[in-house]
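Here the structure comes first, spelled out in C-alpha cells, and everything after it is commentary.
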Amino acid sequence: MLLIPCPWCGPRNQIEFTYGGDATVQRPGNDAPEAAWEAFVYMRDNPSGPHDELWLHSAGCRSWFKLRRDTRTHDILGSARMGDELGGESP
Amino acid sequence: MTQPHRLPEGGIIDRTRALRFEFDGVQHEGYAGDTLASALLANGVHLVGRSFKYHRPRGIFSAGAEEPNALVQLSPASGARTEPNVKATMQALYDGLIAASQNCWPSVHFDVGAINNVMSCLMPAGFYYKTFMWPPTPKWWLKYEHVIRHAAGMGRAALAPDPDHYEHQYAHCDVLVVGGGLTGLAAAHTAAKAGARVILCDESAAWGGGVGDIGATIDDRPVDRWIADTVRDCARFDDITLLPRTTAFGYYDGNLVGAIERVTDHLSEPPAHTPRQRLWKIRAKSVVLASGAIERGIAYANNDLPGTMLAGAARTYARRYGVRPGTRAVVFTNNDSAYLTALDLHDAGVAIAAVIDARPASQLTRGLHQHARASGLAILPDSAIIGARGGRRVASVDVATLAGGRSTRVDCDLVCVSGGWNPAVHLFSQARGKLRYDEPLATFVPDISPLPILPAGAANGCFDPTAAVMEGRAAGAAAIPGAGMMASPHHSPRTNGVDGTALQPLWAVPATRRTAKRFVDLQNDVTVDDIALAAREGYVSVEHLKRYTTLGMGTDQGKTSNIIGLALMAEQLDLPIPKVGTTTFRPPYTPVTLGAFPGHETAAHVEPTRYSAMHDWHQEHGARFVNAGLWKRPHSYPRPGETEDDAANREARNVRTHVGLVDVSTLGKIELQGRDVAELLNRVYINKWDTLALGRCRYGVMLRDDGLVMDDGTTSRLSATHYLMTTTTVNAVRVMQQLEYLLQAEWRNLDVYATSVTEQWAAAALSGPKAREVLAKVMDIDVSNGAFPFLAVATCHVRTAQGLVPARAFRMSYSGELAYEIHVPADHGRAMWEAIIKAGDDAGIMPYGTEAMSTLRIEKGHVVIGPEADGRTTADDLGMGKLVNPAKWCIGKPLLARPALTAPDRWQLVGLTALDGARMPRAAKIVANPDHALPNPMLGHVTSWCYSPNLDAWIALALLANGRARHGEVLWALSPLANVRVRVKVGPPCFIDPEGARLRV
C-alpha cells in the first residue's frame, strides 16, 4: 500500500486517496480543434518510469494534487499542490 | 506409559503441565510448550499423513514453518472451526486438541490411494497435460479432472461460516525487526537502546529462534541466559512492542509489512471477545530482517520415508522439546552443522549408527569432527545414502561411497539429513532486494536492495552465533533513523570469514534403481527424474519448471526444495546455478487465514449503510427498503394484505389523484458560493445559466468530456452569490469530485467554493393536485401560484411539532404533477416529514417509495442516469438536444459534433406501450420480426418498464434506432431469456400530460 505525501496533510495511507489520471495532459482551449480534444480525451502515454499523476485526498482534505510516481517500482518521487511544480526526478 | 520418547529433562517445555490431545482417534499426552509435532514425536508417532500425488506415507520432516509433510486437519469434527493444512510443526499444543491426518482413505496406515504409487509410471511430471488427452474433447477431460482432483489434494475446508473474528492493527515504528532469534534480539535491543521506536516479531511463541545457537556462549553468558536477559531488557524500553506468534508475511509498497499474529490459536478455550488472529499493517522506517535460515535435504531413493528429518529439526526436537526423535539414527550431511545434531542426539541417548558425510576424509579433521570421533561416532567420509528401506517408517539405509561400489546396509529408525542452509530471504526479495549466489554456502544470499531493509545473521548467510549477534547489533544501529542506512542503494554488511558450515554441494545422490523415487519437493511429490524430464521437454526456465512439475508450489512454497530443484536444473543444462536463477518470492511467506484479510469488514460491515433522517418513520410505517448506492430507501409502504406491487400502484395512483410525499434526501446536494458560480454552471451544464434569476431554479444536464451525458439535476439560486446544486443519488460523489477537480486544477481563477451538503439536509418531495393546499398549512410563506410559481425557490420555514424549522422550498416536479421539494436541516427531517403527513391527512396524503416514483417518471418519460443515460447516450438521444445552448461553450461540447454522435441511426429515447394486454418483459430487445433467423437484428432495447396504474397498461421507455422517426410503428419486444415476445407500439416518451400543464396550475 502506497504511502502518499499529501502536500497539505503529509504522508497518508493510499486508502485515503482517489487516483485522478495523468497530470501531464493539457486541457485544450475552448476553441481548440476537435483533434486536440480527441487527443485530450482518449490518448494517454503508458510510461515506464517516473509519471506525474493527479490524486485527490478524497478521505482527507479533499484537495487535488500532483504526485510523481515511478510506475516500475511504485517509488514516490514527490508531490506538489496544484499550481506548483513537481520537484525531484523529471519524467 | 505416555510419552515414551520424552527425555527426563531439558528443553522449553513445562513437564509439570501435561496436556491431553488426540491424533487420528488415539489419545496422547504432551506438555505445555510442545508443538503438535514435538508431542507426536514424544509419543513415537512419525507417520502423520499421505503425500499429495502418490499417497506415500509421510512423517514430520522439519520443526518449523518450512514443513512440507506434516499437514493435519485440526478439529476435524468441528463444522465451523475445522482447519485444513495446519502445520503440526507450528501448531502449539493445547489441552483437548484434536487433529487428523489428511489425504488418505480409509486411514493413514492403509490408504487406498497408495495405488497411485504403484502406477506412478503413468503420472510423470505434467501428466495431466498429456495422459488424459483422449478422446480430444473437453467433456472427457472434465471427467478425468473430477477423478484426479478427488485423489489429489490436501485437507477439507470448513463448510460452516467462520465463528471467529479477526482484527486489524495499524502500527508505525522506526525499526521493525523480523525474527526474534539471537540476531533479531541483538538488533532490537540496540535500536531500542538508542531511543528508536521498535517492533520485534517472531513466528514462534518463544524468543531465541533457531538451533544454531544451542550451547553457544554470548557475551560470556550461556546462550539461554543471554536470551532471557536480552528479552527482559528489551521489554523495559518504553517504545518497543514485542510480538511473539507473529509472522511477518509480506513486504509491500512504502515499507509496509504485513504480519499475522495468532492470538488464540494456542488456547483450548479462546477468551470471549478476543480476536482469533490479528493482522498487523506495520509502516516501518526501516526493517531489520533477522528471519534466520531454512535447512534443505539431499535427494536419495525413498528419502521421504517417515523417520526422515532435517538434521536441524532433529536437534530442535532433542534440545528444545526434550524429545528423542528416534532410537537409532543415521546422520547424512555435506556440511558441519549436522555434527551438532549427531552429538546432541548422542547425548540424548540416541544411538548414532553412522555419520555419513559426502566430503572426503581430508576435510573432516577439524575440532567438531574430532569431537564426534572422540564421542565414539562412526564417520563414513566420501559416502552417501543411496536409498532408504522401510514401510511406514524408515528401517535401514543403504550406504555407498560416492565413487560407487558395494553398498552397506545400516539399520536405523531415524535419518537426519542436511544438504546445507538457505537464508530466509523471502521478505528481502519481496522488497526488490537482489540475491547473490554464494559459492561456499551453495545458496542465494541477500545482495543489494533499493529499500531500507537490512538482512542480518543467518538470513544474511552468517551462521556463527557470535558473529550473528554482532551483525544484529550493527544492523540495529544502522537502522535507526538518521544513521544513514536510508541512503540507497546499500549493501548488507557481512561478517566475513565465518559461516560455520564448510559445505560441499550435494543435491542428489545418483540413482541405482530406475524406479526408485528421489524426492526434491516432498509436498508436491516432485522427484529428481521429474526435473530431468522437464529439462528434456524444454521447460528450462525456472518459472516454467515450477508450473510444469509443481516444484515449489503448495502451502510450503518449496522452502526446503526450491534450491535443490534449481541446482538440478542447472546440472541438466550444464549452467552455473546463478544463471538458472530463482522463481519470484511472493507474499505471503506462510499461508494466512483468509478471514484475517477482511478483518471486521464482513457482512453488514463490508461498506457503510446510509440512512435518511426519516428512516425510522419509514420503518415504523411498514416501508420495504431497497438499496440505492449505500442508501436504504423506501421501496413502497405495503398495507396489510397488499403486495409490494399493489402498494406501489396505489401510491402512484394517489399522487395523480390526490397527493403523495417521497423521501428524496439521498439526492446529491452541493452548495456553490462565490462571484463566478454562474460562469461555472455555464461551463459544466449544456444549457445557459447566467440568466438564472434570484429565487429561481432550473434543470440542467452535464456531459463528460467525450460529449456523452454524465448527470442531470437542478440548480437553484438562493442569493446573488449562493447556489444549491442537486445531483442524482448515484452520481453525487462523482459530480462533487469533478467540480473540485475543475476548480482546483483547471479553472483556478474562478471564485467558487463547492461544499457537499447531502447529509446535512433532509429533503421530501410533495406531489399531486392537492400538494399546494397541504403545503400551505405548513409553510410560513405564500405558496399560491402567483407568489410561488413553477421553478420558484424560497428560503422559509416549516411549522412542525418542534416549532418553526428553517427550510428551503422549491417548486419543481419529477412526477409531472404540481409538486414541491422541501429541504430542512437533517436534524429536523423527521419533524418536517411528520408535519406534512399530518397536514395532508384531509387531502388523502400517502407516503410513496422509489417504485411509485419510478412509475410516475416513466409515465412522464423522465430519464434516469443509468438505465437511459447509460454512458453511451447524448443529450440529443434523450430528446434534450435543444437544451444544448449553441451560443456558449461547455464541457463535452467540442466532441458533440463527431459523426458517430450525430449519425441518423442513433438509438433515441421513445415510449413503448405493450399491445394485446400483454405484460412488458423485463430487459427486452426490440426487433422488427420476432421470427427472423438468429441473430435477429436488434433495433434497440427496453431501458425502464412498469405497469402504469394511471393508464392501466404496461409501458416502457426504450432506446430505439432512429426512434423519433418511428412513432406509431408496431415492433416486438423480445426476451429470449424469459422466452417472451410482446407486440409494442412506439410513441413519444411521455404518456401523461405531454404539454406539462399540470406543473403550472
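Basis for what follows: all heavy atoms, side chains included, without hydrogens, waters or symmetry-related copies. Just so we're on the same page: letters track the sequence lines, and every chain starts at 1.
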Item to complete: Decide, yes or no, whether a salt bridge links B:Glu740 with A:Arg62 under the criterion of side-chain N to carboxylate O below 4.0 Å.
Response: yes

Response to the item:
From the list B:Ile891, B:Asp253, B:Leu895, B:Asp706, the residue making the most non-hydrogen contacts under 4.5 Å with chain A is B:Asp253

Discussion item. With chain A as the partner, which of B:Tyr170, B:Tyr252, B:Trp889 has the greatest number of non-hydrogen pairs under 4.5 Å?
Written reply: B:Trp889

Worksheet item: What is the minimum heavy-atom distance between A:Pro11 and A:Leu3, and which atoms define it?
Response: CB-CG, 4.0 Å

Fill in: Region of B:Arg683 in contact with chain A, defined by heavy-atom distances below 4.5 Å
neither

Practice prompt. Apply the test salt bridge (Lys or Arg N to Asp or Glu O under 4.0 Å) to residues B:Asp877 and B:Arg906: give CA-CA distance (whole Å), side-chain angles for both, the deciding distance (0.1 Å), then the verdict.
Written response: CA-CA 7 Å; B:Asp877 295 340; B:Arg906 284 199 61 83; 2.7 Å; yes

Discussion item. I'd like to know if the side chain of B:Trp747 pairs up with that of B:Asn749 as donor and acceptor (distance under 3.5 Å, no hydrogens or angles considered).
Written reply: no

Fill in: B:Leu896, part contacting chain A, at a heavy-atom distance under 4.5 Å
neither

Worksheet item: Taking every heavy-atom pair that is under 4.5 Å apart, which of B:Arg283, B:Gln737, B:Met736, B:Glu746 has the most such pairs with chain A?
Response: B:Arg283

Worksheet item: Checking A:Phe65 against chain B: side chain, backbone, both or neither under 4.5 Å from a heavy atom?
Response: neither

Worksheet item: Checking B:Leu743 against chain A: side chain, backbone, both or neither under 4.5 Å from a heavy atom?
Response: neither

Worksheet item: With a 4.0 Å cut-off, would you call B:Lys285 and B:Asp174 a salt bridge?
Response: yes

Worksheet item: Is any NZ, NE, NH1 or NH2 atom of the basic residue among B:Arg610 and B:Glu759 found under 4.0 Å from an Asp or Glu carboxylate oxygen of the other?
Response: yes

Worksheet item: Measuring heavy-atom distances to chain B, does A:Thr18 have an atom under 4.5 Å in its side chain, in its backbone, in both, or in neither?
Response: side chain

Worksheet item: Salt-bridged, A:Arg69 to A:Asp52, with N to O below 4.0 Å?
Response: no

Fill in: A:Leu56, part contacting chain B, at a heavy-atom distance under 4.5 Å
side chain

Worksheet item: Which of the residues A:Ile4, A:Asp75, A:Asp31 is involved in the greatest number of heavy-atom pairs with chain B at under 4.5 angstrom?
Response: A:Asp75

